[in-house]
Each structure stands twice: as structure tokens, then as C-alpha cells.
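Inspection log for the structure reproduced underneath, given as C-alpha cells.
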Amino acid sequence: IPLIVAELESQGDIKTTAAKALAGAGADAADAVPHLAKLLANGDSWECKCAVIALGRIGSQAHDALGPLTAMFDSGHDYRFDIARALWKISPEQAPRIVPVLIAELESQRNPGGPNNPMDYSFFSAMELLGEIGPGAKDAIPILRTNLKGGAKFDAAWALWRIDPG
């Protein structure tokens with residue numbers, strides 16, 4: 001792990017590769033948290049996204065990164081759904097902050113006046129994360145039920161089962 005962390009200070013694509021490797025190490029990469037948090041300042045770069053994912057996979061031991069991750073999430077950052085997953089994996093207490101944004105993403109796909117908007121990565125990421133959150137995402141049950149028909153029915157059914165298996 002220390003050798004990989006050292007590569008986070010390198011130039012070029014090696015930072016991204018190092019962050020991906022640390023993501024694969026999960027909680028074993030806890031010592032990398034301060035170094036990964038520095039990559040968050042790189043905004044919309046791929047290395048930033050990889051750092052977000054790595055921090056989420058490290059989980060609760062990445063607690064020191066909650067501040068910058070929360071600020072990025074609240075600003076509507078392009079990687080908002082990856083950030084939401086990281087926030088939840090680091091601190092499940094973040095669910096009340098995250099769930100309304102995920103619900104809004106599902107609702108944005110609906111178009112009462114015509115065909116629904118296309119389902120994209122954000123839509124499916126939101127649905128999947130609501131399922132991962134489980135009972136803490138109970139406010140999403142109505143919008144998930146509306147997706148039981150059509151192209152997202154299996155994703156919606158899984159999320160509903162995780163939220164309320166009864």
C-alpha cells in the first residue's frame with residue numbers, strides 16, 4: 001500500500017491507476033485517505049473520480065474525507081452519484097442528505113406530458129444506491145414503484161426489496 005500511495009504524488013495517469021488500485025484494496029488502504037483527499041481538489045478529473053470511489057470503498061476509516069466529499073456533493077458536482085455512494089459507505093448517517101437527491105434524479109426521468117426521458121447512468125446509479133441504503137431510503141418507495149414497468153423494472157424491484165423486503 002505505501003508504494004501505491006507514493007504514486008499518488010506522481011504526474012500523469014499514474015495517479016489514476018494508483019487510486020484505482022487503492023479502491024481495490026478497500027479498508028486496507030485506510031492510510032491513503034489524506035493522500036486521496038488531496039486528489040478531490042482536482043475537480044472534474046478522472047483521478048478525482050477514482051479518489052472518490054477509493055474513499056468510499058475504504059469505508060468508515062475514510063471519515064476524515066467527509067468534509068470535502070460533503071461540500072462536493074452539496075455543490076451538485078458532476079460525480080454526485082459516486083460521491084453519494086462514498087458518503088453513504090463512509091457514514092450511513094448521511095442517508096437523509098443523500099436520499100432526496102436520489103429521489104429527485106428518478107423523478108427527473110418522468111415526463112407526464114409525453115415519453116419519459118432516457119434512463120442514463122445517473123438514473124440507474126440513483127436506483128442502485130437507494131437499494132444499497134435499504135430501509136433508510138423508504139421515502140423512495142413511491143417513485144420506485146412507478147418504475148416497476150418498463151426498462152428499469154428489475155432494478156426497481158431489487159431496490160424495493162432491499163428497502164422493504166416484507
Mind checking whether [X] and [Y] sit in one hydrophobic cluster, side chains of I, L, V, M, F, W, Y counted as touching below 4.5 Å?
X	Y	answer
Ile53	Val5	no
Met72	Leu129	yes
Ile98	Ile141	yes
Phe124	Leu148	yes

Lys138 vs Asp164, test: salt bridge (Lys or Arg N to Asp or Glu O under 4.0 Å). Steps then yes/no. CA-CA 8 Å; Lys138 68 183 179 319; Asp164 183 11; over 6 Å; no
Just checking, is any N or O donor in the side chain of Glu128 or Ser125 under 3.5 Å from an acceptor N or O on the other one?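 No, no side-chain donor-acceptor contact under 3.5 Å.
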For the student: nearest non-hydrogen atoms of [X] and [Y], plus distance:
X	Y	answer
Gly59	Ile90	O-CG1, 3.4 Å
Ala54	Ala19	CB-O, 3.7 Å
Ala25	Ala29	CB-CB, 4.0 Å

If I take atom [atom1] from residue [X] and atom [atom2] from residue [Y], how far apart are they, to the nearest 0.5 angstrom?
X	Y	atom1	atom2	result
Ile143	Met127	CD1	CE	8.0 Å
Leu102	Ser122	CG	OG	10.5 Å
Ile58	Asp64	CD1	CG	11.0 Å
Leu55	Arg57	CG	CZ	11.5 Å
Ser91	Leu69	OG	CG	11.0 Å
Ile83	Cys48	CD1	SG	6.5 Å

Looking at side-chain heavy atoms only, is the closest gap between [X] and [Y] below 4.5 Å?
X	Y	value
Val101	Arg80	yes
Gln94	Thr70	yes
Trp88	Glu93	no
Lys38	Glu9	yes
Ile4	Thr17	no
Val99	Leu130	yes
Asn147	Lys153	no

Under 4.0 Å between a Lys/Arg side-chain N and an Asp/Glu carboxylate O for Glu132 and Arg85?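 Counted as a salt bridge, because a side-chain N and a carboxylate O are separated by less than 4.0 Å.
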With side-chain contact (heavy atoms from CB on, under 4.5 Å) as the test, pick out the partner of Val52 among Leu87, Leu39, Asp82.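 The side-chain contact (heavy atoms from CB on, under 4.5 Å) with Val52 is passed solely by Asp82 among Leu87, Leu39, Asp82.
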Short side-chain to backbone donor-acceptor contact, Tyr79 and Cys50, under 3.5 Å: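 No; judged by distance alone, with no hydrogens or angles, the pair does not exist.
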So Leu22 and Leu8, side-chain contact (heavy atoms from CB on, under 4.5 Å) or not? Walk me through it. CA-CA 10 Å; Leu22 292 167; Leu8 293 175; 3.6 Å; yes
Give a yes or no on this: more than 12 heavy atoms of other residues, nucleotides or ligands lie within 6.0 Å of atom CG of Asp120.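 For Asp120, atom CG is crowded (more than 12 foreign heavy atoms under 6.0 Å).
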Under 6.0 Å from the ring centre and within 45 degrees of the ring axis: does the NZ or CZ of Arg97 meet both conditions for the six-membered ring of Phe73?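 No, Arg97 and Phe73 do not form such a contact.
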Tell me, with the steps shown, if Glu7 and Lys15 meet salt bridge (Lys or Arg N to Asp or Glu O under 4.0 Å). CA-CA 6 Å; Glu7 294 300 332; Lys15 286 183 193 181; over 6 Å; no
